Amino acid sequence: MKILAIESSCDETAAAVIEDGRTILSNIVDSQVETHALYGGVVPEIASRRHMEAVVRVTDAALREAGLTRDGVDAVAATCAPGLIGALLVGANFGKSLAFALGKPFIPVHHIRGHIAANYLQFPDLKPPFLTLVASGGHSLLVLVKDYTEFEILGGTRDDAAGEAFDKVARVLGVGYPGGPKIDRMAVGGDPKKYKLPVSHVKDAPLDFSFSGLKTAVINLAHNAGQKGEEIDKASLAACFCRAVVDTLVPRLALAMDETSARDVVCAGGVAANSWLRAALTELAETRGVRLYLPPLSLCGDNAAMIGAQAYYEYRAGNLGTTAQNAFATAQISESVCRKIR
Ligand code: KG4
Ligand code: ZN
């Protein structure tokens, strides 16, 4: 089954054709990142307009690369939640209209389910159940994937997501948007013990995260140094920050491994590209003797291939959208996004 998938939840307009949830026939990503970098972060209204300009071109490119006409696809999928609502509405309405015009099923997909499904494209033998650490720009979650469309949230962030913290710290250190990859590169050669940064714990919720204290500590450190006219060792501060994020995420994943006795552990989301996190997860998996699945860097960030992968399993579960399908700025990973306008 060939699914044409569309993703537009944030600042990438993406389209892909995926076969049977596992094989990439095409994967086109049109990034708006340079436009938003001018403003230091994503400007939602600009994102929506850019999606409108790009969505037809990107979709046609994905079909062309897959060697298909519009009639050659078996279904159309689109990210319907969560994300920037104006941005989501472009891809969701375009995908829905295309599906109904072609007389094909429409499959609404949850963006974070898609991030997890990126791993199905890379690892043909990966099957639920497995434990997942999701670390993206908007979400940090520990999720038990019980089945392809059945998710149990074990823990989550109480404030900022890991990626959000990376982006804010990058701003303070003057390297701009998007922060994650820049901080990762900046940390090379830095001393990860030079600055003392806090690792927060949430009282009575050992699997929950909090990044706001860490973010504030970096902001204060930079401002205090600025006021005193002291030079910051940016490489070391970036390294200390990466280490603190890893020290927040990885022990909670280890605890979740203990609680679930998981043997298969998956990482997903933009922050899964972080070299410190990948190294720490690899070490944890080796120590525990569990199998670790890390998506390739090309599938960590937003793309439509991951949406097409998850869409296949949503289709098999009967989770189809009607003409009344809406998009939603927020939705838990455990909720269905096949919801009608009330
Ligand atoms: O999953 P994603 O592409 O979008 C959301 O669904 O939110 O994640 C984007 C986030 C951004 O905050 C970006 O700074 C972060 O992932 N990111 C990284 C790295 N590459 C991207 N964070 C840390 N290290 C990286 N190498
Ligand atoms: Zn994402």
Side-chain angles (χ1 to χ4, degrees), residues 5-14 16 27 29-33 36-37 40-42 44 47 51 78-84 87-88 91 109-119 132-141 143 156-157 160-173 175-188 190 211 214-215 218 238-246 248-250 266-281 294-307 309-310 329-331 333:
I6 293 150
E7 153 64 36
S8 71
S9 67
C10 190
D11 59 349
E12 333 275 355
T13 318
N27 185 20
V29 181
D30 185 277
S31 179
Q32 309 173 0
V33 90
H36 297 292
V42 179
H51 287 310
T79 307
C80 286
L84 301 171
L88 281 167
V109 177
H110 189 288
H111 180 77
I112 301 299
R113 291 189 184 191
H115 270 299
I116 296 173
N119 286 279
T132 305
L133 170 66
V134 179
S136 76
H139 297 82
S140 296
L141 291 172
V143 184
T157 184
D160 295 342
E164 217 173 335
F166 268 101
D167 294 337
K168 284 184 186 153
V169 164
R171 216 165 168 166
V172 170
L173 295 185
V175 289
Y177 178 82
K182 291 180 175 158
I183 295 287
D184 203 352
R185 274 196 298 277
M186 188 188 260
V188 174
F211 289 104
L214 171 61
K215 181 191 74 186
V218 176
C240 291
F241 176 72
C242 287
R243 208 178 75 136
V245 171
V246 167
T248 306
L249 293 174
V250 176
V266 164
C267 190
V271 183
N274 185 264
S275 56
W276 294 68
L277 182 59
R278 292 174 87 91
L281 291 174
L294 289 173
L297 297 189
S298 59
L299 293 177
C300 287
D302 289 346
N303 63 84
M306 66 185 199
I307 302 303
Q310 181 61 24
T330 56
I333 192 171

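Both counts, for ligands and for their atoms, begin at 1 and track the order of listing. Owing to the predicted nature of the structure, the values given are computational and were not obtained by experimental measurement.
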Just to confirm my output: which protein heavy-atom neighbour is closest to [atom], and how far is it?
atom                    : value
atom 15 (C) of ligand 1 : V271 CG2, 4.0 Å
atom 11 (C) of ligand 1 : D167 OD2, 3.6 Å
atom 26 (N) of ligand 1 : D184 OD2, 2.9 Å

Do ligand 1 and [X] have nitrogen or oxygen atoms that lie under 3.5 Å from each other?
X    : result
P178 : no
G180 : yes
G270 : yes

Judged by atom type as modelled, is there a donor-acceptor pair below 3.5 Å linking the side chain of [X] to the main-chain atoms of [Y]?
X    : Y    : answer
K182 : V175 : yes
N274 : V271 : no
E164 : F166 : no
R113 : Q310 : no

Closest to atom 9 (C) of ligand 1 among G137, G179, A272 (heavy-atom distance): G137

Heavy-atom proximity to atom 19 (C) of ligand 1 ranks first, among P181, G138, A162, G114, for P181

Between L249 and F211, does the side chain to side chain contact (heavy atoms under 4.5 Å, CB included) criterion hold? Intermediate values first, please. CA-CA 10 Å; L249 293 174; F211 289 104; 3.8 Å; yes

How does [X] reach ligand 1, by side chain, by backbone, by both or by neither, if only non-hydrogen atoms under 4.0 Å count?
X    : result
H111 : side chain
N274 : both
D302 : both

Do H111 and D302 meet the criterion of a side-chain donor-acceptor pair at a distance under 3.5 Å?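 Short answer, yes.
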
Those residues that, when tested against H139, pass ring-ring contact (aromatic ring centres under 6.0 Å, His included) (two or more places apart):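 Checked H139 against ring-ring contact (aromatic ring centres under 6.0 Å, His included); zero matches.
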
How would you list, by chain and number, every residue that makes a side chain to side chain contact (heavy atoms under 4.5 Å, CB included) with D30, sequence neighbours excluded?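 T13, R50, A54, R57, V58.
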
Which residues pass the side chain to side chain contact (heavy atoms under 4.5 Å, CB included) test with P296, not counting sequence neighbours? Q122, S298, L299

Heavy-atom closest pair, residues A117 and A309: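 Minimum heavy-atom contact is O-CB, 3.8 Å.
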
Taking all heavy atoms of A16 and all of A305, pick out the closest pair and write down the distance.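 In this case the closest contact between A16 and A305 is CB-N, 3.5 Å.
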
Side chain to side chain, M306 and N303, heavy atoms closer than 4.5 Å: yes

When you compare the side chain of I307 with that of I6, does any pair of heavy atoms fall below 4.5 Å?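 No; the side chains remain at least 4.5 Å from each other.
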
Relative to the heavy atoms of [X], which atoms of ligand 1 are at a distance of less than 4.0 Å?
X    : result
G163 : 12 (O)
G301 : 3 (O)
F166 : 22 (N), 23 (C)

Note, the Zn ion (ligand 2) has protein N, O or S atoms under 2.8 Å numbering 3

